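One structure is given below, encoded as structure tokens.
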Amino acid sequence: MTAGDVVPMLVQVDDLIPKGTRMNVFESIYWVFIVLGTLVGVVVIGYMAYNAYRYRASGDHAAEGDDDRPMLGELPAGGGKGRKLFLSFGLSAVVVISLIAWTYGTLLYVESPASASPVEDDIEVQVVGRQFSWEFVYPNGASSFDLVVPADTRVTLVVTSDDVFHNFGIPALRAKTDAIPGQTTRTWFIADQPGEYQAHCYELCGAGHSEMNAKVVVMEPSAYEKWYANTSGGNASGNGTESNASANASGTGGGNGSGGGGGGTPTEGTATALLAGIATRTTSEELRS
């Protein structure tokens with residue numbers, strides 16, 4: 001086998017791996033497992049029912065002198081000297097190993113889709129978790145408490161935390177990753193339908209954990225471009241940023257304060273938010289003590 005023969009084989013294997021959105025990928029995995037599980041179950045239960053019927057207890061066997069039916073305490077005969085056993089083991093190994101290899105290749109695509117199918121229009125959003133809200137920072141330095149993204153575009157999220165462990169997840173879009181203090185993790189998604197979704201924290205992070213939610217707004221690409229053009233280096237305008245911030249603050253004893261002045265620079269807005277968060281947390285700790 002030459003190198004020229006190997007390349008087409010790799011291409012054919014790669015074609016078996018589902019592409020597209022994370023929802024498409026995980027739906028494909030789900031249906032493959034359902035179909036194979038059902039097929040294996042039908043074969044096993046069918047073979048068991050066949051043997052149960054063949055060796056059923058009745059007086060006909062004794063009357064006809066059927067020697068195929070094993071008697072009590074007698075080992076069954078006619079097993080083919082283990083050929084059936086090795087055949088069943090071999091088929092099971094082929095199915096299981098093939099399924100593991102296919103699933104592994106599919107999950108590799110989920111973990112690093114850029115290496116499999118680069119997309120020029122990707123956007124990257126920084127996600128910062130803190131007790132008890134999410135902040136989304138866009139490439140131009142604008143920030144918002146709502147995640148606003150275009151439809152039919154791969155969105156890469158770079159997630160971290162300012163205080164304790166959190167876990168950012170958008171269940172409807174099958175995106176989920178840890179938010180670790182001092183580290184960054186990455187996840188991605190493609191929303192094929194405009195609309196509103198909910199993001200949640202999936203790591204118990206304190207008294208306000210259940211309120212640590214965020215709205216995910218998916219717009220048409222043209223509408224997103226207009227929205228993005230109106231954002232500045234401070235907080236992104238619209239989308240309920242201030243209302244979310246005040247809701248988090250009232251529900252958790254201070255939250256993180258406002259996210260900085262709308263007309264300020266990225267550095268000023270971020271610094272103001274951090275100082276406000278530190279001040280409110282310090283006040284809360286003093287009151288508790």
Side-chain angles (χ1 to χ4, degrees), residues 21-23 110 113 119 121-163 166-180 184-203 205 208-249 251-252 255-256 258-260 262 266 269-270 273 277:
T21 68
R22 295 173 70 100
M23 296 180 64
V110 171
V119 178
D121 297 331
D122 283 7
I123 65 171
E124 184 174 285
V125 180
Q126 309 287 327
V127 182
V128 181
R130 56 177 67 93
Q131 296 173 310
F132 298 96
S133 65
W134 298 102
E135 182 182 8
F136 306 97
V137 183
Y138 297 87
N140 65 350
S143 65
S144 172
F145 287 94
D146 295 339
L147 177 59
V148 183
V149 297
D152 295 322
T153 302
R154 188 165 61 211
V155 180
T156 300
L157 303 178
V158 182
V159 185
T160 188
S161 171
D162 272 354
D163 39 42
H166 302 281
N167 186 287
F168 180 80
I170 311 172
L173 301 176
R174 308 296 191 270
K176 193 168 181 284
T177 189
D178 288 322
I180 304 173
T184 59
T185 60
R186 304 173 73 90
T187 188
W188 66 277
F189 66 88
I190 300 174
D192 54 3
Q193 293 293 333
E196 291 187 0
Y197 306 88
Q198 283 292 318
H200 308 283
C201 178
Y202 289 91
E203 185 84 22
C205 55
H209 163 70
S210 61
E211 301 297 328
M212 192 169 172
N213 305 318
K215 184 189 297 183
V216 181
V217 181
V218 180
M219 297 180 173
E220 293 288 353
S222 57
Y224 173 80
E225 290 177 2
K226 294 179 181 179
W227 175 88
Y228 188 75
N230 291 327
T231 61
S232 63
N235 281 351
S237 61
N239 298 299
T241 299
E242 294 180 0
S243 61
N244 283 351
S246 61
N248 285 329
T252 60
N256 297 291
S258 61
T270 305

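Given the structure is predicted, the values throughout are model-derived calculations rather than measurements. Atoms considered below: every heavy atom in the structure, side chains included; atoms not considered: hydrogens, waters and symmetry mates.
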Counterpart residues, side chain to side chain contact (heavy atoms under 4.5 Å, CB included), relative to Ser210 (two or more places apart): none

Residues which pass ring pair (Phe, Tyr, Trp, His ring centres under 6.0 Å) with Tyr224, listed by chain and number, not counting sequence neighbours: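 For Tyr224, the residues satisfying ring pair (Phe, Tyr, Trp, His ring centres under 6.0 Å) (neighbours in sequence not counted) are Trp227, Tyr228.
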
Ring pair (Phe, Tyr, Trp, His ring centres under 6.0 Å) partners of Phe136, counting only residues at least two apart: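 Phe136: ring pair (Phe, Tyr, Trp, His ring centres under 6.0 Å) contacts with Phe168.
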
Can you see which heavy atom on [X] is nearest to which on [Y], and at what distance?
X: Pro150; Y: Pro221; answer: CB-CA, 4.1 Å
X: Glu220; Y: Pro194; answer: OE2-CG, 3.3 Å
X: Asp163; Y: Gly129; answer: OD1-O, 4.1 Å
X: Phe132; Y: Cys205; answer: CE2-O, 3.6 Å
X: Met212; Y: Trp134; answer: O-NE1, 3.4 Å
X: Ser161; Y: Ala179; answer: CB-O, 3.6 Å

Point-to-point distance, once rounded to the nearest 0.5 Å, from [atom1] of [X] to [atom2] of [Y]:
X: Ile170; Y: Tyr202; atom1: CD1; atom2: OH; answer: 9.5 Å
X: His209; Y: Asn167; atom1: NE2; atom2: CG; answer: 9.0 Å
X: Thr156; Y: Gln126; atom1: OG1; atom2: CD; answer: 10.5 Å
X: Lys226; Y: Met219; atom1: NZ; atom2: CE; answer: 11.0 Å
X: Thr184; Y: Asp178; atom1: OG1; atom2: CG; answer: 12.0 Å

Test side-chain hydrogen bond (donor to acceptor under 3.5 Å, both in side chains) applied to Thr160 - qualifying residues, sequence neighbours left out: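 side-chain hydrogen bond (donor to acceptor under 3.5 Å, both in side chains) list for Thr160, sorted by chain: empty.
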
All side-chain hydrogen bond (donor to acceptor under 3.5 Å, both in side chains) counterparts of His200, not counting sequence neighbours: Asn213

Main-chain N/O of [Y] paired with [X] side-chain donor or acceptor, under 3.5 Å:
X: Tyr138; Y: Ser144; result: no
X: Thr153; Y: Ala151; result: yes
X: Gln131; Y: Gly208; result: no

Residues which pass salt bridge (charged side-chain N to carboxylate O under 4.0 Å, His left out) with Glu225, listed by chain and number, not counting sequence neighbours: none

Note: Asp122-Arg154 ion pair, threshold 4.0 Å (strictly below):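 Between Arg154 and Asp122 there is a salt bridge, with a charged N closer than 4.0 Å to a carboxylate O.
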
Candidate list Thr177, Thr185, Val159, Val137, test side chain to side chain contact (heavy atoms under 4.5 Å, CB included), partner Val127, passing option: Val159

